[in-house]
Amino acid sequence: MVRIILCGFGVVGQSFAKLLLSRSEDLYAKHGLKARIVGVFDSKGSAASSAGIDLNRLLETKKLYGNIAKYHNKEKKANGLDMINGMEAEVLIETTPSNYKDAEPGMSHIVSAMKRGLHVVTVNKGPLALAFPSLIELAAYNQVQLKFSGTVGGGTPILDYAKNSLRGERIVSFQGILNGTTNYILTNMAGGMNFKEALSDAKKKGYVEADESLDIEGFDAAAKLVILANWIMDMKVTIMDIKRKGIRDVTTTDITNARSRRSAVKLIASCNRDLEVSPREIPLDDPLCVNGTLNAITFNSEHSGQQTIIGRGAGGMETASSILRDLLDIKQEVGKI
Ligand code: HSE
């Protein structure tokens, strides 16, 4: 039995709860995984039960009141760190929003959990973007697993592919479209909208982060590049090492000019000599040149050549499926949970 503390009950946290409800039988039958969420908290409230939280009632409470504090008759304040430091559990799942200034509150959640011996699954990129090398060391020191496959590519297993499927290969360089929101905006601009119109359409669709600069100025893509560079290329870098330029200055003229050269402007994150995020022209017939909210990444490897992976890089259920993947990996590696 895996006892889980879930930090954050937004779109991803709720999707994960729904996934556990709908998949619990086959997860046990196929993978021997029995998971029980014993604590959940977000910025407004918390719910806890060592016997396991009733996820249907929790989701209903969130829907009715907009927060989970009313799950218990007597409302529980959000006391995340107390929960992490006090509750019996094996795994912490961190889904609070990414923050690239100080990575809080996710950083404290992850560090406290690992120090207590909990394995961690995070889809929050902030702590990894700011302190990837030291978090990996902390996990090793405390003999716990730190998993983060949903931080790059959402449900599309980009990190697993490069790390495991290309095992034995030497990846020389890679470049990718790692942010769905800016790809959607640039695709709409290629269809005739100007930047302002395309941004406002992306906001209406709910794609843009609460702080739009995270997408538009390239912080999200840079964070993903940091994670790839550390994990795939064995670099020891943080977001400060990335040369970053967003898409705010891309004009419709840039896009028309690119089209006349049979290319499209895309926000590209690349690891070659430098680590860089910037708008660049990509030939229309390059497999990397995907549209809408899709992500794509091309790995150039020494012996097997170029390979491109394309998939949805965001979304509640997609990201929740990456959490499940990480939980199964932890079970396989640790064995007894
Ligand atoms: N804002 C991100 C994107 C969400 O648009 O790709 C997934 O990290």
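Note that ligands are numbered from 1 as they come in the structure, with each ligand's atoms numbered from 1 the same way. Keep in mind that the numbers below use all heavy atoms, side chains included, and drop hydrogens, waters and symmetry copies.
Residue Glu209 has at least one heavy-atom neighbour below 4.0 Å for each of these atoms of ligand 1: 1 (N), 2 (C), 4 (C). For ligand 1 and Gly180, the ligand atoms under 4.0 Å from any heavy atom of the residue are 3 (C), 5 (O), 6 (O). Every atom of ligand 1 is numbered from 1 in the order shown, and the set under 4.0 Å from a heavy atom of Ala314 is 4 (C), 7 (C). The distance from ligand 1 to the heavy atoms of Gly313 drops below 4.0 Å at these ligand atoms: 7 (C). For ligand 1, the atoms closer than 4.0 angstrom to any heavy atom of Thr181 are 1 (N), 3 (C), 5 (O).
Under the 4.5 Å side-chain criterion, counting only non-hydrogen atoms from C-beta, Ile323 is in contact with Val123. Put simply, the side chain of Lys62 reaches to within 4.5 Å of the side chain of Asp42, judged on heavy atoms.
Applying the side chain to side chain contact (heavy atoms under 4.5 Å, CB included) criterion to Arg167, with sequence neighbours excluded, gives Asn164. By the side-chain hydrogen bond (donor to acceptor under 3.5 Å, both in side chains) test, Ser165 is found to be paired with no residue, residues two or more places apart in sequence or in another chain being considered.
For the residue pair Lys266 / Asn291, a side-chain donor-acceptor distance below 3.5 Å is found, with atom types taken as modelled.
Between Lys224 and ligand 1, at least one pair of N/O atoms sits closer than 3.5 Å.
Under 4.0 angstrom from ligand 1, the non-hydrogen atoms of Asn179 come from both its backbone and its side chain.
Here Phe9 and Phe16 keep their ring centres 6.0 angstrom or further from each other.
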